[in-house]
2 protein chains.
Amino acid sequence: MTLLRENGGRATSTRRLLLTCLFEDASHHTADQLATKVQAINHDVSISTIYRNLYELERLGVVVHAHLGHGAAMYHLASDTHGHLVCEECGMTVEAPDKLFTGLTESVAHEFGFSIDPRHFAVLGRCARCSPNSVIHG
Amino acid sequence: MTLLRENGGRATSTRRLLLTCLFEDASHHTADQLATKVQAINHDVSISTIYRNLYELERLGVVVHAHLGHGAAMYHLASDTHGHLVCEECGMTVEAPDKLFTGLTESVAHEFGFSIDPRHFAVLGRCARCSPNSVIHG
DNA sequence: TTCGATGCAAATAGTTTGCATTCTA
DNA sequence: TAGAATGCAAACTATTTGCATCGAA
């Protein structure tokens, strides 16, 4: 909130509520899920306000969003950034430590001068359960 | 077309046209771009028919689509599959050889039992030109 | 008392679907 | 001529925007 005020923003009740929801459950939420949570307390909050506040909070570095395949973007606290592995079949999501991507990051940087951001878009695939080879694992 | 017929499908003029467009320029196209190309010859073709045909062709293994970040999906011939590196800033796309991902694929398989598909969703980042470090390269 | 924040509705992009009609096999 | 394919419009999901109003500083 201090950060908001410092940047010329205003500490409205909706913002307070949204931040509370984000801190209460630090996992991933869609804008819609957050709206529902906020609306449970103040049911006059519109989804556009949620989007506008999420945008503002992201600009201030408080939250980040990631695209986990098809469907809505997921928002979470910026303090807890990581990549994602998402199963295209069942939707299961694994938080992937950044070091998993260091190899790829380096070779892509070398070969293409490209600096990849493994956090903004998930890496899709099949989880052990849904993979065609999963039979060998039981 | 033979494949279509073999699977109980019918060889309509629109399908012929769509396939021609796909083979003529084997790069990436959005459904909308394909529709425009097809409509240049037969302007009564609707976008839904394009989507339905692309879906069918994908089911038969003739085309595949990939998500290159925000925006519309890109369709291309299945004979030419590869991953993609996409610049989040300027949108530039690099076709990434599959071998680039073998390291990541293997470690993810080991650590999470996850078999990743680097082709369906692009890997996002910044190209050399748009990267904050690009100054050192000129 | 100004100017940022909000609610609401409508616009947007990309894609899918319902339904009556058309055309291939 | 049966049933697949199509055109059109409308629905749909996720997100953004215009605008009048409200409220924090």
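Chain identifiers are assigned alphabetically (A, B, ...) following the order of the sequence lines, protein sequences preceding nucleic acid strands; residue numbering begins at 1 within each chain. This structure is a prediction, so every number in the text was calculated from the model and none was measured.
Every residue two or more places apart in sequence or in another chain that forms a side chain to side chain contact (heavy atoms under 4.5 Å, CB included) with A:Thr20 is listed here: A:Glu24. Qualifying salt bridge (charged side-chain N to carboxylate O under 4.0 Å, His left out) partners for B:Arg59, counting only residues two or more places apart in sequence or in other chains: B:Glu56. Contacts of A:Thr81 classified as side chain to side chain contact (heavy atoms under 4.5 Å, CB included), with partners at least two apart in sequence or in another chain: A:Val64, A:Arg119. The side chain to side chain contact (heavy atoms under 4.5 Å, CB included) test applied to B:Thr14 returns B:Thr12, B:Val45, B:Thr49, B:Asn53, not counting sequence neighbours.
Listed by first and then second residue, the side chain to side chain donor-acceptor pair (under 3.5 Å) pairs involving residues 101-112 of chain A amount to none (not counting sequence neighbours). Among residue pairs with one or both ends in residues 5-51 of chain B, those qualifying as ring pair (Phe, Tyr, Trp, His ring centres under 6.0 Å) are B:His28-B:His76, B:His28-B:His82, B:His28-B:His84; sequence neighbours excluded.
Atom CG in A:Asp44 sits about 15 Å away from atom C1' in C:dA9, given to the nearest Å. Counting to the nearest Å, the C1' atom of C:dT6 and the CD atom of A:Gln39 are 13 Å from each other. The distance between atom NE2 of A:His43 and atom C1' of C:dT6, rounded to the nearest whole Å, is 16 Å. The separation between A:His65 atom NE2 and D:dT15 atom P is 8 Å, rounded to whole Å. Taking atom CG of A:Leu17 as the reference point, atom P of C:dA5 lies 16 Å away to the nearest angstrom.
In this structure, A:Thr49 does not reach the C:dT6 phosphate: none of its side-chain N or O atoms is under 4.0 Å from OP1 or OP2. Residue B:Asn42 places no side-chain N or O under 4.0 Å from the OP1 or OP2 atom of D:dT6.
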Quick one: what's the B/S/- string for nucleotides 11-17 of chain C, heavy-atom cutoff under 4.0 Å, read 5' to 3'?
---SSBB
List the protein contact pattern of nucleotides 20-25 of chain D with one symbol per nucleotide (5' to 3'): B for base contact, S for sugar-phosphate-only contact, - for none; contact means a heavy-atom distance under 4.0 Å.
---BBS
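Direction of the helix axis in the helix from C:dT1-D:dA25 to C:dA25-D:dT1 shifts by 20° between the two five-pair termini, rounded to 10°.
Grouped by direct or indirect side-chain proximity (heavy atoms under 4.5 Å, Ile/Leu/Val/Met/Phe/Trp/Tyr only), A:Phe121 sits with B:Leu68, B:Met74, B:Val86, B:Leu124. Other residues sharing the hydrophobic cluster of A:Phe114, ordered by chain and number and joined by side-chain separations under 4.5 Å: A:Leu85, A:Met92, A:Val94, A:Leu100, A:Phe101, A:Leu104, A:Val108, A:Phe112, A:Ile116, A:Val123, B:Leu85, B:Met92, B:Val94, B:Leu100, B:Phe101, B:Leu104, B:Val108, B:Phe112, B:Phe114, B:Ile116, B:Val123. Here A:Tyr55 is tied to no hydrophobic group at all, with no ILVMFWY side chain closer than 4.5 Å.
For B:Val45, whose side chain is taken as the heavy atoms from C-beta onward, the closest listed nucleotide among C:dT6, D:dG7, D:dT6 is D:dG7. Side-chain atoms of B:Arg15 lie closest to D:dT6 of the nucleotides D:dT6, C:dG7, C:dT6.
When only modelled atom types and interatomic distance are considered, A:Ser27 and A:Asp25 share a side-chain donor-acceptor pair under 3.5 Å.
When side chains are defined from C-beta on, A:Asp117 counts as touching B:Glu88, because their heavy atoms get closer than 4.5 Å.
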